[in-house]
Amino acid sequence: MMKVPFVSFAAMNAAIRQDVLASFEKFFDEGMYVLGGNVAQFEKDYARFNDVSECVGVSNGLDALHLSLKALGIKAGDEVIVPSNTFIATVLAVSFVGATPIFVEPDEDTCNLDPAKIPAAITSRTKVIIPVHLYGQACNMPAIMALAKAHGLSVVEDNAQAQGATFDSKLTGSSGHVNATSFYPGKNLGALGDAGAITTNDPELARRVRALRNYGSERKYVHEMVGFNMRLDECQAGFLDVKLAHLRRWNDERKAIASAYDTGLREVGDIILPKTAPGATHVYHLYVIRTSDRDGLKEHLERDGIGTLIHYPTPPHLQGAYAHLGYKKGDFPIAERISSTCLSLPVWPGMTPQHLDHVMDSIKRYFHGR
Ligand SMILES: *Cc1c(COP(=O)(O)O)cnc(C)c1O
């Protein structure tokens with residue numbers, strides 16, 4: 001039986017093998033193992049890719065979010081608006097700076113933050129909005145930036161899942177005051193380990209993040225702020241530069257796979273296919289369908305050798321880590337409905353038409369056999 005893993009790096013790795021090994025050899029021989037030339041080069045290249053003036057490489061996506069909030073001066077007593085259906089890291093970053101996460105429900109069609117629901121959540125303590133470009137689809141940044149401006153708030157885009165996506169032709173990670181991304185291996189641009197970055201057009205915010213990631217120091221042994229060691233790894237920066245050159249093509253492959261699913265799964269069972277909002281593009285970090293019989297379908301696909309995942313099975317407000325906020329089941333019904341019906345199908349560069357047919361045939365058999 002044909003197997004279709006949830007994710008495979010095989011085809012991507014084959015395309016970059018020689019360049020990655022050459023990058024490692026150069027790194028190994030040169031002996032500049034921390035903040036050497038690779039980090040500076042990748043920062044330049046990623047800033048150009050993302051159409052921003054500044055990129056600062058950091059240790060991972062969670063630290064990128066944390067340092068963004070830190071650079072904005074967010075602290076205990078402040079409130080930060082986050083989507084109720086995001087990955088936990090968005091919320092953890094808010095906790096790290098001592099602020100309170102305020103959950104706002106997404107639009108149920110796009111699963112992205114609904115700008116119309118944000119004003120009701122704004123109080124005198126609100127400082128920041130963190131839109132998350134979930135699953136790879138760009139949020140409506142013009143609307144969110146306009147709201148932020150009207151209320152004097154900062155915006156930190158969580159761009160971990162949407163490198164290369166746009167809204168009204170503007171790239172995610174280029175609208176917010178300071179934006180965070182992740183290069184976790186499975187992201188659209190993934191390192192061979194942990195890595196992340198911030199992107200911004202504000203040189204002062206970039207300067208602060210640059211100091212904060214390096215013990216709060218701009219000149220050796222001079223520390224103007226209480227910083228961290230959250231630097232982008234030099235070796236990973238070299239690998240990321242190799243992979244960045246392939247990102248557009250790999251995103252196009254993801255879009256082609258999504259489009260094949262869109263066509264092949266139309267009107268199958270009670271499946272709801274992902275919807276892209278007018279003005280937005282989607283780079284399909286994840287292809288997330290919804291169905292009332294999610295768990296049954298997931299098990300059936302597993303028996304057919306097809307890997308799927310759930311993004312995410314439990315919304316942040318129902319996690320043990322946030323029990324102290326006192327939320328209960330039913331408080332964010334849209335996030336809860338998404339979490340109990342969503343299923344992410346395999347989508348990765350290198351997937352073949354045979355892989356796709358196997359996934360779609362298996363799904364059709366499940367619904368026809370019921
Ligand atoms: C992956 C991810 C993060 C965290 O990135 P790490 O590099 O794993 O720390 C944050 N937010 C979202 C939406 C993510 O998908």
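Ligands are counted one by one from 1 in listed order, and the atoms in each one are counted from 1 as well. The analysis underlying the following values was restricted to heavy atoms, covering all of them including side chains, and did not include hydrogens, waters or symmetry mates.
- Paired with Glu105 under the rule side chain to side chain contact (heavy atoms under 4.5 Å, CB included), one option of Asp114, Ile334, Ile338 passes, and it is Ile334.
- Here is the list of ligand 1 atoms found below 4.0 Å of a heavy atom in Val132: 13 (C).
- The pair Lys329-Glu336 does not meet the salt-bridge criterion, since no charged nitrogen lies less than 4.0 angstrom from a carboxylate oxygen.
- Taking 4.0 Å as the cut-off, Lys187 counts as a neighbour of ligand 1 on heavy-atom distance.
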Carefully, step by step, assess Arg210 and Glu218 under the rule salt bridge (charged side-chain N to carboxylate O under 4.0 Å, His left out). CA-CA 8 Å; Arg210 216 172 272 287; Glu218 289 180 88; over 6 Å; no
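- Short contacts between ligand 1 and Asn60, defined as distances under 4.0 Å to a heavy atom of the residue, involve ligand atoms 7 (O), 9 (O).
- Less than 4.0 angstrom separates some heavy atom of Ala89 from each of these atoms of ligand 1: 3 (C), 4 (C), 10 (C).
- By the 4.0 Å N-to-carboxylate-O rule, Arg48 lies close enough to Asp45 to be salt-bridged with it.
- Looking at every heavy atom in both residues, Cys55 comes nearest to Glu43 through CB-O, 3.3 Å.
- Within ligand 1, the atoms closer than 4.0 Å to a non-hydrogen atom of Gly61 are 5 (O), 6 (P), 7 (O), 9 (O), numbered from 1 in the order shown.
- Between Glu302 and Lys3 no salt bridge is recorded (no basic side-chain N to carboxylate O distance below 4.0 Å).
- The N/O atoms of Tyr184, backbone and side chain alike, include none that comes under 3.5 Å of an N/O atom in ligand 1.
- Residue contacts with ligand 1: Thr86 is placed with no nitrogen or oxygen under 3.5 Å of a nitrogen or oxygen of the ligand (distance criterion only).
- In terms of protein heavy atoms, atom 9 (O) of ligand 1 is closest to Leu62 N, 2.9 Å.
- The residues Arg294 and Glu299 are annotated as not salt-bridged, no charged nitrogen and carboxylate oxygen being separated by less than 4.0 angstrom.
- At a heavy-atom distance under 4.0 Å, only side-chain atoms of Asp158, from C-beta outward, approach ligand 1.
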